[in-house]
A.B. asks: 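Pasting a structure here, questions to come.
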Amino acid sequence: LLDTRRLPLGIRGLSGLSLAERQEWRAIRSRTAARLFLGSRAMALPMARAFDRRNRQIRRLPSGQPVLRHGHISISRCYPYVAFALSPRPLGLDLERIRYDEEVIDGVATLFSAAEQVVLRHPATRASAFCRIWSRKEALAKRQGCGICTDLAALDTLLPSSHLHSRRLRGGYWLSLAQ
């Protein structure tokens with residue numbers, strides 16, 4: 001987990017980026033988005049190389065999913081943090097900030113399984129439960145390589161066989177890993 005508020009936004013922060021990534025970074029107008037971009041791009045390759053020295057680059061699929069030659073990587077960004085996970089097998093990682101937005105929760109509740117919707121009925125824990133389930137769904141979708149364009153209601157995050165691990169972090173975040 002990397003706190004991007006400590007990243008330099010000047011030339012020093014660009015040293016690990018390719019020419020195309022530097023151009024992409026220069027087009028970003030928001031300092032917040034620039035920090036998240038730098039954190040996810042500049043730190044990913046050193047971590048991938050530490051995982052396996054043969055990793056010389058990180059390719060990106062048209063969906064934006066990062067791909068390694070040796071092993072698997074998953075990256076998630078939620079200001080001010082960037083989270084990384086590496087494994088010899090496919091995996092998915094997602095980091096979400098807990099926030100209460102009744103319209104959003106109600107708007108996407110149909111994307112949740114029946115069991116997940118039951119968990120959302122408890123008003124006192126609704127925002128945290130929504131965030132936890134959503135981060136688990138995204139982690140599963142990333143592991144499967146299908147993204148969130150899949151049938152999310154079919155990805156039941158409460159099944160014990162889903163190989164999901166979630167942890168609530170200080171500051172109001174949920175971090176979920178699908179192995």
Side-chain angles (χ1 to χ4, degrees), residues 1-5 28 30 32-33 35-37 39-41 43-44 47-48 51 58-68 71-179:
L1 190 64
L2 171 71
D3 186 338
T4 63
R5 293 173 291 196
I28 299 172
S30 159
T32 299
R35 287 186 187 282
L36 288 173
F37 180 85
S40 64
R41 298 294 173 96
M43 295 303 298
M47 293 185 74
F51 180 74
I58 296 176
R59 291 184 307 107
R60 295 206 177 259
L61 300 178
S63 65
Q65 180 182 0
V67 179
L68 298 177
H72 299 271
I73 187 169
S74 187
I75 304 169
S76 184
R77 302 181 289 189
C78 186
Y79 189 78
Y81 302 107
V82 177
F84 300 90
L86 293 123
S87 172
R89 297 185 320 263
L91 76 161
L93 178 76
D94 191 57
L95 176 67
E96 296 288 335
R97 184 170 178 262
I98 300 170
R99 56 191 173 276
Y100 191 80
D101 188 331
E102 195 72 36
E103 287 183 29
V104 170
I105 294 172
D106 289 341
V108 299
T110 59
L111 303 175
F112 286 26
S113 70
E116 292 167 337
Q117 288 183 27
V118 168
V119 172
L120 291 180
R121 290 189 188 131
H122 304 286
T125 59
R126 191 168 196 217
S128 182
F130 170 79
C131 183
R132 177 177 178 261
I133 291 169
W134 188 259
S135 74
R136 291 168 68 89
K137 282 192 179 295
E138 284 206 34
L140 275 173
K142 286 180 177 182
R143 181 186 71 198
Q144 294 176 357
C146 58
I148 60 170
C149 294
T150 190
D151 178 11
L152 293 178
L155 296 177
D156 190 337
T157 66
L158 302 178
L159 295 175
S161 62
S162 60
H163 302 288
L164 278 163
H165 309 279
S166 296
R167 182 175 190 157
R168 188 170 177 167
L169 305 176
R170 270 188 276 176
Y173 293 86
W174 275 103
L175 180 65
S176 294
L177 175 67
Q179 296 178 306

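Atom set for the values below is all heavy atoms of this structure, side chains included, hydrogens, waters and symmetry mates excluded.
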A.B. asks: Pick one: which of Ile98, Thr125, Val119, Val108 meets side-chain contact (heavy atoms from CB on, under 4.5 Å) with Phe130?
C.D. replies: Val108
A.B. asks: Do Val82 and Leu36 pass the side-chain contact (heavy atoms from CB on, under 4.5 Å) test, and can you show the C-alpha distance, the side-chain angles, and the key distance before you say yes or no?
C.D. replies: CA-CA 7 Å; Val82 177; Leu36 288 173; 4.0 Å; yes
A.B. asks: Nearest 0.5 Å, what's the NE2-NE2 distance between His163 and His165?
C.D. replies: 8.0 Å
A.B. asks: Is the side chain of Glu96 donor-acceptor paired with the backbone N or O of Trp174 at a distance under 3.5 Å, no angle test?
C.D. replies: no
A.B. asks: Is the ring pair Tyr81/Tyr173 parallel, tilted or perpendicular, if the boundaries are 30 and 60 degrees?
C.D. replies: perpendicular
A.B. asks: Working to the nearest 0.5 Å, report the span between CG of Asp94 and OG of Ser74.
C.D. replies: 8.0 Å
A.B. asks: If you measure only the distance, is there a donor-acceptor pair under 3.5 Å linking the side chains of Glu138 and Ser176?
C.D. replies: no
A.B. asks: What distance do Ile73 atom CD1 and Leu93 atom CG have between them, rounded to the nearest 0.5 Å?
C.D. replies: 10.0 Å
A.B. asks: Indicate yes or no for a side-chain donor-acceptor contact from Lys142 to the backbone of Gln65 under 3.5 Å, with no hydrogens or angles considered.
C.D. replies: no
A.B. asks: Can any side-chain N or O of Thr4 pair as donor or acceptor with the backbone N or O of Pro80 at less than 3.5 Å?
C.D. replies: yes
A.B. asks: Within this structure, what is the OG1-CZ distance for the pair Thr32 and Arg77, rounded to the nearest 0.5 Å?
C.D. replies: 12.0 Å
A.B. asks: Determine whether Ser128 and Arg168 make a side-chain contact, defined as any pair of heavy atoms from C-beta on separated by less than 4.5 Å.
C.D. replies: yes
A.B. asks: Does any N or O in the side chain of Arg143 come within less than 3.5 Å of the main-chain N or O of Pro90, such that one atom is a donor and the other an acceptor?
C.D. replies: no
A.B. asks: Using 0.5 Å steps for rounding, measure from the CG atom of Leu175 to the CG atom of Leu95.
C.D. replies: 5.5 Å
A.B. asks: Would one find more than 12 heavy atoms of other residues, nucleotides or ligands at under 6.0 Å from atom CZ of Arg167?
C.D. replies: no
A.B. asks: I want to check something: taking the side chain as every heavy atom from C-beta on, are Trp134 and Leu152 in contact at a cut-off of under 4.5 Å?
C.D. replies: yes
A.B. asks: Using the salt bridge (charged side-chain N to carboxylate O under 4.0 Å, His left out) definition, which of the options Lys137, Arg121, Arg132, Arg136 pairs with Glu116?
C.D. replies: Lys137
A.B. asks: Can you tell whether the side chains of Arg99 and Asp101 come within less than 4.0 Å, N to carboxylate O?
C.D. replies: no
A.B. asks: Using a 4.5 Å cut-off on heavy atoms from C-beta on, say whether the side chain of Leu177 contacts that of Leu164.
C.D. replies: no
